[in-house]
Amino acid sequence: MDTPQPRESHTLKKSHKLHNVCYDIRGPVLDHAKRLEEEGQRILKLNIGNPAPFGFEAPEEILQDVMRNLPTAQGYCDSKGLYSARKAIMQECQRKQIPGVGIEDIYIGNGVSELIVMAMQALLNDGDEVLIPAPDYPLWTAAAHLSGGHGVHYLCDEQADWAPDMADIRAKVTSRTRAIVIINPNNPTGAVYPPEVVREVLDIAQEHNLVVFSDEIYDKILYDGVKHTATGALADDDQLVITMNGLSKSYRCAGFRSGWMTISGTLAKQRAKDFIQGLTMLASMRLCANVPAQHAIQTALGGYQSINDLILPGGRLLAQRDITVEKLNAIPGVSCVTPKGALYAFPRLDPKVFNIKDDQQLVLDLLLQEKILLVQGTAFNWPEPDHVRIVTLPWADQLGDALDRFANFLSRYRQ
């Protein structure tokens, strides 16, 4: 009898589709933070916009509605979502003056994250390009690459309150460009674009027949009396605008994973029937989104908007934004454009002062020395290692202490 030969061992590798996919908000530095926590160290996590650990709880009426509907939330629902939830989203679109959004133009997902990936998969063929802001929320870039496309980054101008650089957008449109992404209010910069800026982006999209994706998850987290205007409210009727929003931030329901995607542009939808059919197919393949969490949507959108108590004078989020900007701008060599919205600051570390060559090493060294976890600017596809993102969710005194320690760290840090 022949003796069986041992099989040659080999390393099991990840798919080639993941080679250009990166999401460093939960990346290698976080692995070091987890190791330190396992050793008993306490880490201040300023790396992710997760409201609950910092005492921001969902409104009680939302929790009550979810609990009361649990007995009827045990089965699958329509693949696009519960009718009552989509009706509330449709009415929210009407309030925001986004025209032509009907019940069937709304898809509910397990957070906006799932819907971003779904939309990229439905749209992109191999080699297609999507214009994405730099800095960006990196899931947009990751989803484009995972879907066989390429994220092409247009620059936002720090000297112009982080507004998109229109000349750079125009220079980067090619025959392979299929869509453009707008993140407004912006993560990570906190910029809120005035209507004239959004209209200019829409004009470029119209000129080149691009789908417009508008990420508006922070549309109710606004400071200093700034107003947000929905992209879909500014677009022509023959422009396809896909708007993303959800409960995670404004309603402090991040763990519910309840987000939605709306399609507007009545004439454009006629031309996009095949693409929309693809979206519906992908929605059906995952059967449906989390049903219990969908029962939060109607109450959230139609109830008391408690976010206003947090962003107006005397509110926690405003106070935390203010002390973050004040402390950062007091550090020699550091400057921070005041965020007008969202939950983040994106300060610049002057290369002439700090000479940072590797910003991931910077945030790792800060973690190891001060037990503070930030995210490096290049994780948001910013091209230079001269920024970091700071989450402004901790209490003002906790943030003040952390930023004092950051200042002390920078005073002695050089690469």
Closest heavy-atom pair and its distance - M166, V197 = CE-O, 3.4 Å
Determine whether the side chains of D215 and Y137 contain a donor N or O and an acceptor N or O closer than 3.5 Å.
-> no
Would you say the side-chain atoms of D161 pair up with the backbone N or O of A163, donor to acceptor, closer than 3.5 Å?
-> no
Nearest non-hydrogen partners of I323 and A396, listed with the distance | CD1-O, 3.6 Å
Report yes if the side chains of R252 and P59 come closer than 4.5 Å at any heavy-atom pair, otherwise no.
-> yes
What's the spacing between T338 OG1 and E326 CD if we round to 0.5 Å?
-> 11.0 Å
Any luck finding a side-chain donor-acceptor pair between E216 and S214 under 3.5 Å?
-> yes
Hey, does V181 have a side-chain heavy atom less than 4.5 Å from the side chain of P133?
-> yes
Evaluation steps, side chain to side chain contact (heavy atoms under 4.5 Å, CB included), between L362 and F409 = CA-CA 10 Å; L362 165 74; F409 167 83; 3.7 Å; yes
CD1-CD1 distance between I62 and I297, expressed to the nearest 0.5 angstrom = 10.0 Å
Step by step, would you call R257 with S113 a side chain to side chain contact (heavy atoms under 4.5 Å, CB included)?
-> CA-CA 9 Å; R257 308 314 299 132; S113 301; 3.7 Å; yes
Near R42 CZ, under 6.0 Å, is it more than 12 heavy atoms from other residues, nucleotides or ligands?
-> no
Determine, for E39 against K371, whether the closest basic-nitrogen to carboxylate-oxygen distance falls under 4.0 angstrom.
-> no
Check whether any side-chain N or O of R316 sits under 3.5 Å from a backbone N or O of D309 as a donor-acceptor pair, and report yes or no.
-> no
Pair Q294-N290, side-chain donor/acceptor within less than 3.5 Å | no
Side chain R86, main chain G81, donor-acceptor under 3.5 Å = yes
Backbone N or O of Y193 within a donor-acceptor pair of the N184 side chain at under 3.5 Å?
-> yes
Salt-bridge test for K340 and D224: reply yes if a basic N is under 4.0 Å from a carboxylate O, no otherwise.
-> no
Interatomic spacing from CD1 in I108 to CE in M261 - rounded to 0.5 Å | 11.0 Å
Does K80 use its side chain to pair, donor to acceptor, with the backbone of E104 at less than 3.5 Å?
-> yes
Side chain to side chain contact (heavy atoms under 4.5 Å, CB included) assessment of V198 paired with V201 = CA-CA 5 Å; V198 178; V201 176; 5.6 Å; no
How are the rings of W162 and F346 set relative to one another: parallel (under 30°), tilted (30 to 60°) or perpendicular (over 60°)?
-> perpendicular
Over 12 non-hydrogen atoms of neighbours within 6.0 angstrom of CD in E57 | no
Answer yes when D203 and R199 have at least one side-chain N-carboxylate O distance shorter than 4.0 Å, and no when they do not.
-> no
Rounded distance (nearest 0.5 Å) linking atom CD of E92 with atom OG1 of T262 | 10.0 Å
Student check: side-chain heavy atoms of V337 and R348 closer than 4.5 Å | no
N69 (side chain) donor-acceptor with H295 (main chain) under 3.5 angstrom = no
Rounded to the nearest 0.5 Å, what separation is found between the CG atom of L367 and the CD atom of Q41?
-> 9.5 Å
Would you mind reporting whether L155 and P383 have side-chain heavy atoms less than 4.5 Å apart?
-> yes
For the residue pair A144 and V130, what are the closest heavy atoms and their distance?
-> CB-CG2, 4.5 Å
Heavy atoms only: give me the nearest V29-L364 pair and the separation to one decimal.
-> CG1-CA, 4.2 Å
Decide yes or no for L44 and P394: does some side-chain heavy atom of the first lie under 4.5 Å from some side-chain heavy atom of the second?
-> yes
Taking C-beta and beyond as the side chain, do W140 and F213 meet within less than 4.5 Å on heavy atoms?
-> yes
Taking all non-hydrogen atoms of both residues into account, name the closest pair between C336 and N329 and its distance.
-> N-OD1, 2.7 Å
What pair of heavy atoms forms the shortest contact from G109 to R286, and how long is it?
-> CA-NH1, 3.6 Å
For Q159, does the CD atom have more than 12 heavy-atom neighbours from other residues, nucleotides or ligands under 6.0 Å away?
-> no
Do V241 and I98 have side-chain heavy atoms sitting under 4.5 Å apart?
-> no
For R389 and N47, indicate whether the former's side chain and the latter's backbone hold a donor-acceptor pair under 3.5 Å.
-> yes
Flag, side chain of T392 to backbone of L343, donor-acceptor distance under 3.5 Å = yes
Residues, nucleotides or ligands: over 12 heavy atoms within 6.0 Å of Q277 CD | no
Okay, side chain of Q97, backbone of R95: is any donor-acceptor separation there less than 3.5 Å?
-> no
Mark yes or no for whether K172, through its side chain, and H153, through its backbone, hold a donor-acceptor pair below 3.5 Å.
-> yes
Hey, mind stepping through I217 and N245 against side chain to side chain contact (heavy atoms under 4.5 Å, CB included) and telling me if it holds?
-> CA-CA 4 Å; I217 190 73; N245 215 318; 4.0 Å; yes
Is there side-chain contact between L410 and F354, with at least one heavy-atom pair below 4.5 Å?
-> yes
Give a yes or no on whether a salt bridge exists between K34 and E38, defined as a side-chain N under 4.0 angstrom from a carboxylate O.
-> no
When rounded to the nearest 0.5 Å, the distance separating NZ of K96 from OG1 of T229 is 10.0 Å
Verify whether the ring centers belonging to Y344 and Y218 lie closer than 6.0 Å.
-> yes
